[in-house]
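Have a look at the structure below, then the notes.
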Amino acid sequence: MDIPAKYDPSLTEDKWYSYWLEHKIFHSEPDEREPYSIVIPPPNVTGVLHMGHMMNNTIQDVLIRRARMLGKNACWVPGTDHASIATEAKVVARLKEKGIEKSSLTREQFLEEAWKWKEEHGGIILKQLRKLGASCDWDRTRFTMEPALSKAVINTFVYFYNKGLIYRGVRMVNWDPVGKTAVSDEEVIHKDTKSKLYYLRYFISEGGKATDKYIVIATTRPETIMADAAVCINPNDERYHWLRGKKILIPLINKEIPIIEDDYVTMDFGTGCLKVTPAHDINDYEIGLRHKLPVLDIIDDDGCLNEKAQILVGQERFQARKNIVKMLEDAGNLEKTEDYNSPVGHSERTDAVIEPKLSLQWFLKMEDLAAKALKSVEDGKVRLIPDRFTNTYRHWMETVRDWCISRQLWWGQQIPAYYTPDGDCFVAATKEEAFAQAAAKNPDLKIEDLRQDEDVLDTWFSSWLWPISVFDPEKPGFPDRQPNRELAYYFPTNDLITAPDILFFWVARMIMAADEFEGKEPFSNVYLTGIVRDKLGRKMSKTLGNSPDPLVLIKQYGADAVRVGMLLCSSAGNDIFFDESQVEQGRNFCNKIWNAFRLIQGWEVDPSATPSQAEAKAVEWFESLLNKSIATIDDHFSKFRISDATMTIYKLFWDEFCAWYLEAVKPAFGEKISKTVFDKSVQFFDSLLKLLHPFMPFITEELWQNLSPRKDGETIMRQMMPKAGDVNEKAIADFEIARGCIINIRNIRQSKQISPKQAVELFVKKPIAETGALVSKLANVSRIEETESFDTNQTGVNFMVGTTEFFVPVQVDVEAEKAKIEAEIKRYEGFLTGVRKKLSNERFVSSAPKAVVDLERKKESDALEKLKALDELLQRLK
RNA sequence: GGGAGCUUAGCUCAGUUGGUUUAGAGCAUCUGCCUUACAAGCAGAGGGUCAUAGGUUCGACUCCUAUAGCUCCCACCA
């Protein structure tokens with residue numbers, strides 16, 4: 001059979017993915033096996049696949065495929081998130097392209113457009129995941145705004161409202177003037193921004209008229225002075241005691257405001273005087289509350305000044321700032337300006353500068369929920385990987401403020417609060433239920449009189465239910481209701497793989513919701529991936545558009561190559577600097593596997609031949625090495641060291657299986673292989689394919705299908721992962737000796753010297769007899785003779801290549817060699833005293849885990865053995 | 001301003017409660033090879049005072065202290 005020398009992914013990937021779908025290999029439903037479930041972090045419904053998704057979903061797929069092959073009932077639930085603000089912004093932008101303003105549409109018309117957009121673009125990302133080989137159970141695909149899940153959200157709202165945890169209140173919120181919505185504290189990104197500190201003169205008033213006395217106040221926001229309600233000084237600041245009881249005039253508009261005193265003001269910052277603008281600064285708002293100051297809001301929802309400002313009406317806030325500085329300067333109120341760096345809040349979604357704004361919003365009380373969610377992590381019921389995130393997590397949970405859950409958008413679940421014309425508010429899952437409540441209070445009311453709250457809920461208010469609602473959408477909001485079969489079986493899920501930047505947005509809140517409704521943690525392990533960055537160190541993201549198109553990469557190198565490339569360079573929590581050479585490495589690896597297969601399948605079998613001594617030795621060795629590696633891989637997985645697991649199998653296949661095992665058993669040109677060795681080789685290759693499969697699903701399926709005859713519907717995905725068997729350490733050690741000999745002979749052939757120590761260890765001390773056959777085969781040497789004794793003149797190794805006899809002299813500087821060995825002996829003796837000291841410590845022996853103590857004991861005996869060997873060597877040299 | 005983390009070969013990173021590593025891997029580099037599985041390959045080689053300075057120890061990449069640089073998170077100083 002002719003197989004091309006290069007692996008071509010385009011011939012295998014679509015074929016096998018269709019095959020898996022056709023045979024419903026991804027399908028999952030509860031049965032008697034042990035469940036293993038993962039819910040996908042739902043990507044934005046209108047998003048496209050970027051490198052972060054690749055990373056994330058590759059890891060999930062590795063875990064789920066592995067679990068499946070370990071015999072578990074593996075269930076990976078896919079889906080998308082409606083991402084209210086991001087999606088709404090996209091829809092608004094698209095309408096704008098068509099010349100339609102959002103404000104000209106009704107809510108219903110807008111939503112129709114949005115759904116249309118969702119139908120067109122939604123789910124593209126899920127299709128892209130198939131190219132990657134993601135083995136999601138597509139039958140379970142969910143969308144956070146599908147009717148059932150929306151209902152879960154509404155029920156949850158009603159539940160928390162009835163529990164008294166949801167309230168409506170006027171609060172200073174983070175207002176996004178571009179998105180025209182409030183955003184939560186977590187959605188505000190503080191960036192250091194260059195701005196100016198303006199020093200303004202406020203004149204003292206006497207009967208409403210300006211005197212010539214003034215004070216200087218520093219501000220970064222001169223456009224808000226019209227909303228000033230007071231000027232505040234520190235009560236201990238003697239410089240300003242003369243101001244007590246005086247009134248002051250706001251520049252330009254000459255409005256009289258009082259002087260107040262509050263500890264909040266820092267005496268040594270700025271001028272020690274603070275203008276208090278309750279409507280436009282969160283701290284000022286709090287000072288205002290303390291001193292009962294009036295609140296004057298001069299900035300509208302779109303960030304423009306309104307008529308209450310009296311001047312600059314209608315101007316955009318930054319334009320107004322520019323203009324008012326000029327006006328203040330002309331009026332003689334501007335003393336000086338200084339450059340100033342200050343953190344300015346920006347909206348995560350629109351990047352607009354956040355405007356602190358007073359508004360009526362819905363909040364969820366967080367204190368108790370956060371305390372419980374913190375406990376879950378601190379008690380280890382939810383393990384964060386890497387665990388250093390626990391600190392960050394704790395800090396956030398301890399300082400969390402109430403969650404502003406309302407958004408002034410249309411795309412999302414509309415808040416189920418209904419108002420009567422009198423302003424009474426009733427919260428219920430449906431309008432009818434709300435009406436029933438309202439009618440009980442006011443019998444004259446008609447259902448048409450009820451008006452539903454215009455706002456929708458924060459997206460995270462739906463995604464925090466995700467691990468529950470994907471299985472049983474009826475459940476959220478009803479802690480006492482029996483879970484359905486799916487939820488009872490697959491919940492709690494096992495592992496969650498996500499990026500650290502949504503640890504608080506999402507992970508923490510899922511823990512809260514699960515605790516509230518299920519009384520359990522929603523998952524046991526949270527693997528936090530690194531953030532994929534470009535070469536400039538920038539985060540790869542959809543908004544920046546600096547991500548290479550993963551689909552192009554897949555097309556160019558193959559999905560398996562891309563997966564391996566990502567996995568090799570990723571360790572939990574560390575940022576990943578993406579480089580295409582890693583993908584190239586993955587592709588080369590595919591080719592290596594492909595060619596190993598070509599070799600094996602090209603062998604001709606001789607059923608009557610018996611394995612040579614060299615072959616037998618190689619088989620014995622590789623069997624043990626394989627078992628040992630399986631144990632190593634299992635260990636790496638148990639610690640979520642995915643890249644180490646990948647590297648282990650990579651090296652096992654390439655460096656050991658291909659470079660040594662296959663070379664050792666490969667028949668000479670024109671010769672046949674014994675059946676025993678052939679069968680063993682096929683068996684090894686089969687095991688290796690299974691071990692590789694979670695990482696490289698396509699090529700392994702292709703080769704596995706061709707390795708032996710398979711029935712239709714059979715798949716490597718359903719095979720059992722090889723288990724770690726017995727390890728014959730001696731076989732491994734023997735092979736190492738042979739390997740050392742071979743490498744040295746190769747070196748000698750390149751007329752290079754080997755070191756005396758190597759000569760001593762490899763040719764003299766060790767028993768060549770056992771591995772001689774291997775050495776002569778792999779080094780193509782017919783005879784090796786060792787030299788027993790050392791003297792400074794005649795020491796070396798005899799060996800034959802073909803008919804030529806070589807004698808390689810090994811110059812031994814006995815004194816230097818002795819000194820080296822003695823130094824080593826000294827080191828071991830020190831080591832031994834240390835270990836013995838430890839072992840004689842009662843407390844250590846009784847308190848440390850048994851395995852640790854055993855390890856110390858082993859160290860002791862090993863060191864003793866080594867010392868004995870060194871001593872022997874030393875004697876020999878003498 | 002507070003907190004967390006990082007600093008090991010040209011690059012990306014391991015280094016598992018201090019000892020069998022006088023420092024490891026992959027990639028990249030250099031040298032020699034188109035040897036009938038694979039040049040997307042094979043055989044070799046070079047390359048690090050483990051950020052810096054002290055300390056603890058028989059022994060420190062590993063623990064402690066200080067310093068420098070970087071990253072992230074949190075934060076209301078106008």
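In this text the structure is predicted, and so the values were computed from the model without any measurement.
The gap from the P atom of B:C63 to that of B:U7 amounts to 11 Å, rounded to the nearest Å. For B:U17 and B:G1, the C1' atoms lie 35 Å apart once the distance is rounded to whole Å. The gap from the C1' atom of B:U12 to that of B:G55 amounts to 33 Å, rounded to the nearest Å. For the C1' atoms, the distance from B:G54 to B:G44 is 43 Å, rounded to whole Å. When the C1' atom is used for both B:U67 and B:A78, the distance is 34 Å, rounded to whole Å.
Between the side chain of A:Y264 and the base of B:C76, at least one donor-acceptor pair of N or O atoms lies under 3.5 Å.
For A:E656 and A:R739, the salt-bridge test passes: some basic side-chain N is under 4.0 Å from an acidic carboxylate O. A salt bridge is defined here as a Lys NZ or Arg NE, NH1 or NH2 lying under 4.0 Å from an Asp or Glu carboxylate O, and A:K639 with A:D635 meets this definition. A salt bridge does not link A:R317 with A:E223: none of the charged nitrogens is closer than 4.0 Å to a carboxylate oxygen.
Base pairing of B:U36 is not made with any nucleotide, judged by Watson-Crick or G-U wobble geometry with both donor-acceptor distances under 3.5 Å. Figure legend. B:G26 is base-paired to B:C11; pairs are counted as Watson-Crick or G-U wobble with both atom distances under 3.5 Å. Across all strands shown, B:U56 forms no Watson-Crick or G-U wobble pair with both distances under 3.5 Å. With both pairing distances under 3.5 Å, B:A43 is matched to B:U31 as a Watson-Crick or G-U wobble pair. Using the Watson-Crick or G-U wobble rule with both distances under 3.5 Å, B:C50 pairs with nothing in any strand shown. When Watson-Crick and G-U wobble pairs are counted only if both distances are under 3.5 Å, B:A4 pairs with B:U71. In this entry B:U17 has no Watson-Crick or G-U wobble partner, no candidate having both defining distances under 3.5 Å. Across all strands shown, B:C77 forms no Watson-Crick or G-U wobble pair with both key distances under 3.5 Å.
Between A:F657 and A:F653, the gap from one ring centroid to the other is short of 6.0 Å.
The distance from atom CG of A:N391 to atom P of B:C6 is 11 Å, rounded to the nearest whole Å.
Residue contacts shown for A:R641 include a base, since a base heavy atom lies under 4.0 Å away. No engagement by A:L568 is indicated, since no non-hydrogen atom pair under 4.0 Å with the nucleic acid exists. Looking at heavy-atom distances under 4.0 Å, A:G345 makes no contact with the nucleic acid at all.
Proximity note for A:L274 (side chain, C-beta onward) versus B:A78, B:U20, B:G26: the nearest is B:A78. Comparing B:A25, B:A78, B:C73 against the side chain of A:V265 picks out B:A78 as the nearest. Set against B:G5, B:C73, B:A78, the side chain of A:R388 has B:G5 as its closest nucleotide.
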Before giving the answer on side chain to side chain contact (heavy atoms under 4.5 Å, CB included), spell out for A:Q556 and A:I554 the whole-Å C-alpha distance, their side-chain angles and the decisive distance to 0.1 Å.
CA-CA 5 Å; A:Q556 209 174 339; A:I554 288 176; over 6 Å; no

Assess the residue pair A:F589 and A:W594 against the criterion (side chain to side chain contact (heavy atoms under 4.5 Å, CB included)); give the C-alpha distance rounded to whole Å, side-chain angles, the decisive distance to 0.1 Å, and a yes or no.
CA-CA 9 Å; A:F589 187 41; A:W594 184 257; over 6 Å; no

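Side chain of A:D644 to backbone of A:H636: no donor-acceptor contact under 3.5 angstrom is found.
Taking side-chain N and O atoms only, A:R401 has no distance below 4.0 Å to OP1 or OP2 of B:C74. For A:Y650, a side-chain nitrogen or oxygen approaches OP1 or OP2 of B:C27 to under 4.0 Å.
Within 6.0 Å of CD in A:E729 there are more than 12 heavy atoms belonging to other residues, nucleotides or ligands.
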For nucleotides 34-41 of chain B, just jot down a letter per nucleotide in 5' to 3' order: B, S or -, based on protein non-hydrogen atoms under 4.0 Å.
--BBB-BS

